[in-house]
2 protein chains.
Amino acid sequence: METTWAEQLRTAGLRVTRPRLSVLGVLAEHPHVDAETIATAARTVHPSISPQAVYGVLKALVGSGLARRIEPAGGPALYELRVGDNHHHLVCRGCGLIADVDCVVGQAPCLAPSDAAGFAVDEAEVVFWGLCADCQVSRGTNGYGTSSAIEEGVSA
Amino acid sequence: METTWAEQLRTAGLRVTRPRLSVLGVLAEHPHVDAETIATAARTVHPSISPQAVYGVLKALVGSGLARRIEPAGGPALYELRVGDNHHHLVCRGCGLIADVDCVVGQAPCLAPSDAAGFAVDEAEVVFWGLCADCQVSRGTNGYGTSSAIEEGVSA
DNA sequence: CCCGCTTCCTTGACCAGGTCAAGAAAACAG
DNA sequence: CTGTTTTCTTGACCTGGTCAAGGAAGCGGG
């Protein structure tokens, strides 16, 4: 896994830099994180990295297809390395936990609207809202969005 | 149509005020608008309305179920009066135009994830991304998100 | 191994969308 | 009409994020 990040960057036409490797490392460990959490985590490996560098790196990664950006309503944007498989997300209303869900159909758009109203649809973005197992148990005790709660992703 | 807004507000336990009626009027004319556009449009009817009043009114309307808030990635939140039918949205990547799409299944959640990972899912939010008819023709000439382009909704 | 060009990171200003709090004004019950 | 409660106005403030200028680092050629 670690053998290829540098190569992937180069293949994408990007230079291999410490900030980029740090961010990729964080993303590999934490499936769905926001920019600020990435910055904090990356700083354990590369203390001098600036928040703006993280934004820049993420933009470069998303732009070159190495990462994907998702923006759940009511929260900051999250980033993930899993790209190209058109998967969807489960979001917990209680704690903000995000889990991946495989798409039933493998290709985008995985769904077709009943009436496209003249649109040429290229992607169907699906977000399932609900409560994760933990929040179903401890209902009401959990605040929203302490980013530490978002760190663990449940792979579908 | 206009006969019932006051009643709907009262039924919801809200007082009937000029700002609220103005905002409802704007929402009835423009199916999917952001808060700022609502404020501007409402000002033609109620010139002294403040932006914060609009936020307050919208929050009250959403909280009482009279309006729905949608937050397409990369743009401000939009509001609509069509509630309770679990419909979805088509968003144009070119001009930001939004159109409603009826849900194939009438009830929420209209979709079930293939593997819910322990989540209790109560809603499936679907956003179809693509290009509207106009933007398919004039590709590349259109900027993104001049809010005047968002005013007209295409009912599915 | 070093040089130079290009890309990238750092620093800092700035912006949009939105929330919070205090006091004034308006709605409604009596 | 009056009092109480809700709501609106005004203004400060916050988060998440972008933009721009200059210095530093990557990397290809010698």
Side-chain angles (χ1 to χ4, degrees), chain A residues 5-24 32-40 42-43 45-64 66-67 69-79 96 143-147 150, chain B residues 5-24 33-40 42-43 45-64 66-67 69-79 96 144-147 150:
Chain A
W5 287 340
E7 293 167 19
Q8 287 193 290
L9 285 171
R10 256 185 281 263
T11 303
L14 299 171
R15 289 189 176 168
V16 179
T17 67
R18 207 128 134 57
R20 284 174 181 170
L21 293 175
S22 309
V23 168
L24 284 169
H32 308 98
V33 268
D34 60 277
E36 191 185 332
T37 304
I38 292 173
T40 304
R43 221 164 273 129
V45 147
H46 181 184
S48 72
I49 195 172
S50 68
Q52 285 73 0
V54 173
Y55 284 116
V57 168
L58 289 171
K59 202 183 220 177
L61 293 179
V62 171
S64 62
L66 293 182
R69 173 184 179 133
I70 59 176
E71 300 182 41
L78 305 176
Y79 297 85
Y144 193 96
T146 64
S147 60
I150 309 183
Chain B
W5 287 339
E7 291 167 20
Q8 287 193 290
L9 285 171
R10 255 185 281 263
T11 303
L14 298 171
R15 289 190 177 170
V16 179
T17 67
R18 207 127 133 56
R20 284 173 182 171
L21 293 175
S22 307
V23 168
L24 284 170
V33 267
D34 60 278
E36 192 186 330
T37 304
I38 292 172
T40 304
R43 222 164 272 130
V45 148
H46 180 183
S48 73
I49 196 171
S50 69
Q52 284 73 0
V54 173
Y55 284 115
V57 168
L58 290 170
K59 202 182 216 174
L61 294 179
V62 170
S64 61
L66 293 182
R69 173 184 179 133
I70 58 176
E71 301 183 39
L78 305 176
Y79 296 86
Y144 193 97
T146 63
S147 59
I150 308 182

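Computed from heavy atoms alone, side chains included, the values below leave out hydrogens, waters and symmetry copies. Convention: sequence-line order gives letters A, B, ...; per-chain numbering from 1.
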Show me the donor-acceptor pairs, under 3.5 Å and distance only, between side chains in residues 57-64 of chain B and residues at least two apart or in other chains.
residue: Ser64(B); atom: OG; partner: Ala60(B); partner atom: O; Å: 2.9
residue: Ser64(B); atom: OG; partner: Leu61(B); partner atom: O; Å: 3.3

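Closest approach to the Ala53(B) side chain among dC8(D), dT5(D), dG16(D) is made by dC8(D) (side chain taken as heavy atoms from C-beta onward).
Among the heavy atoms of the strands lying under 4.0 Å from Ser50(A) is at least one base atom, whether or not backbone atoms are also near. No contact: Ala60(A) has no heavy atom under 4.0 Å from any strand.
For the pair Ala35(B) and Val54(B), the tightest heavy-atom approach, listed with the atom from each and the gap, is O-CG1, 3.7 Å.
Look at CG on Leu14(B): it is 10 Å from C1' on dT6(D), rounded to the nearest Å. A straight line from CD1 of Ile38(A) to C1' of dG17(D) spans 14 Å, rounded to a whole angstrom. For the pair Gln52(B) CD and dC13(D) P, the interatomic distance rounds to 14 Å; values are reported in whole Å. Distance Lys59(A) NZ to dG16(D) P: 18 Å, rounded to the nearest Å.
Nearer the 5' end of DNA chain C, as judged by each residue's closest nucleotide, is the contact made by Thr17(A), out of Thr17(A) and Glu36(B). For Gly75(B) and Ser48(A), each mapped to the nucleotide of DNA chain C holding its nearest heavy atom, the one lying further toward the 5' end belongs to Ser48(A). Comparing Tyr55(A) and Arg18(A), the nucleotide of DNA chain D nearest to each residue sits closer to the 5' end for Tyr55(A).
Here the straight-line distance linking atom CD of Gln8(A) with atom OG1 of Thr11(A) works out to 7.5 Å at 0.5 Å rounding. Atom CD1 in Ile38(A) sits 9.5 Å away from atom OH in Tyr55(A) (nearest 0.5 Å).
Contact of the Leu9(A) side chain with the Thr17(A) side chain is not registered, since no non-hydrogen atoms from C-beta on lie closer than 4.5 Å. The shortest side-chain heavy-atom distance between Arg15(B) and Arg20(B) falls under the 4.5 Å cut-off. Under the 4.5 Å side-chain criterion, counting only non-hydrogen atoms from C-beta, Pro19(B) is in contact with His46(B).
The base of dT7(D) has none of its N or O atoms less than 3.5 Å from a complementary donor or acceptor on the side chain of Arg20(B).
For DNA chain C, the outermost nucleotides in 5' to 3' order that have an atom under 4.0 Å from a heavy atom of chain B are dG17(C) to dC28(C).
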